[in-house]
Amino acid sequence: MSEESNGNPVASTTIEPTDILEREVGLKRNLSPAQLAMIGLGSSIGTGLFLGSAIAVKLAGPAVILSFVGGACITVAMMWALAEMAAAHPAAGSFGLYAEMYLHPWAGFSIRLTYWLCMMVVVGSEVVAASIYCKFWFPGIPSWIWIGLFSLLVLYVNTTSVGHLGTFEYWLSMVKVVTIVAFLLLGTALLCGVGFPRVGFANYTAHGGFLPHGWKGVSLGVILGLFSFFGVEVVGSTAGEAADPQVAVPKALRSAVGALVLFYVAGLALVVGIAPWPQIGLGESPFVRVFQTVGIPAASHIMNLVVLTAALSSAVANLYFGARLAFSLARGGYLPSALGRLSAKGMPVTAVLVSAGGMVAALALSEYFKESLFVFMIGLSTFGALFAWLMTLLTHLAFRRFHQRHARPYLRLGPPGPWASLLGLGAVLAVLVSTWWVPGFRITLLAGVPWLVALSLGYWVWSSADRANSGPRN
């Protein structure tokens, strides 16, 4: 890659990572490895585990455990790929910047713009989920009031300093982590009858068997399983603000993915073991439902507070991620330069404010779509995440091939050879196609494919006009 003096990205036969990475200078490197890991957990442990998991349970029944194991295997392959590239090239643009460096400028542009727009939707879905949790205590208060208040809080946290944001997200995520660990211990005690009436293991097979909807249900449940792991890739973007990215980013990704696998798989195993899976509804947290089932109302209130915290933490982390993608696009010449400006404290405030558009949409739409809004929004955002993972794995294949061909050293974290990324690539593609058969997720392809076609056409028109105006490229 090379870069024109006007800042517009152009294609070249030679990759010059230093030139591209220098676009994004100015961000403060104040995030510790622990803060990086907690930001990754904050982005992932939100509606996917505490609310979205109810959809997966409806699809697969108790076999949702296998669905989430499948999603975890795909996530590990993506984690290896992203961590290797982030250690080599720490930058806020993350996988989008790497796609531009190793594939093509179109790839870098499309992945960042698509994921940025989907981050807006995800942030909106999280504040919508937070309003759902508040109905547990205040059923008479309109959702739009909660959405507005939570949106202001999320904006405030994202416009201070990155150090303050990291500290806030660390402790907010720590609340979730500690509570989930306590839930795992309590749930195990309930199943086994240690200190509580024994629930036993009958619910795993009592309502249609372990596979009530067959392997098709398990396969479709992988979509929700993978959705629950979406967000861990935010750690790649924190590389641009990490104190020691070559060490911190791979460590943070390993820690975050390991914790997510434990929390999701073990947590859902307890959920479907304690509460009969047909009783878990879409309009409530299955975790809260568990405590209601075993007759612990105080714990139910505590867990509802935790899932509310989880949604807000996820909104903060995802707005952080979306703003960094907008910042990266602006520094690359794809968006107005104002989005690439930094405040005195090194924060892309303008990019944060523009990226908050998803919360505005959630506020406006909440009164029209009500209960269906959450499912619609996460279905729409799934295309962007799946597209990003596809491109990350594809970029990783080119990354390794380039470094091996030019005998350049890199930090290898995954197994040798291309097979891990190839298998991950095939699995993500299969998940993307199968969204067509999941209720509420058909919008993933109906909106995503036309969007990608329109985006590609727009890019080629823009790049052709840019070449014509600028003359021959180097």
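No experiment lies behind these values; they were computed from the predicted model shown.
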Minimal non-hydrogen separation, Gly71 against Phe229, with atom names: C-CE1, 3.7 Å
Is the His213 to Trp437 ring centre distance short of 6.0 Å? no
What one should report as the nearest heavy-atom pair of Arg112 and Ser328 is NH1-OG, 2.8 Å
Taking Trp277 for the side chain and His207 for the main chain, is one N or O donor matched with an acceptor at less than 3.5 Å? yes
With the side chain counted from C-beta on, respond yes when Leu308 and Phe150 share a heavy-atom pair under 4.5 Å apart, and no when they do not. yes
Just by modelled atom types, is the Gly340 backbone N or O under 3.5 Å from a matching donor or acceptor in the Arg331 side chain? yes
Using a 3.5 Å distance criterion without hydrogens, assess whether the side chain of Asn318 forms a donor-acceptor pair with backbone atoms of Val123. no
Phe138 ring center within less than 6.0 Å of Trp146 ring center: yes
Pairwise side-chain contact, Leu432 with Phe383, heavy-atom cut-off 4.5 Å (strictly under): yes
Val433 and Leu445: which non-hydrogen atoms are nearest, and at how many Å? O-CD1, 3.8 Å
Check for a donor-acceptor pair, side chain of Ser314 on one end and backbone N or O of Ala310 on the other, with a separation under 3.5 Å. no
Between the main-chain N or O of Ala107 and the side-chain N or O of Ser110, is there a donor-acceptor pair closer than 3.5 Å? yes
Is the number of heavy atoms from other residues, nucleotides or ligands under 6.0 Å of Trp137 CH2 greater than 12? yes
Classify the ring geometry between Tyr334 and Phe109 as parallel (under 30°), tilted (30 to 60°) or perpendicular (over 60°). tilted
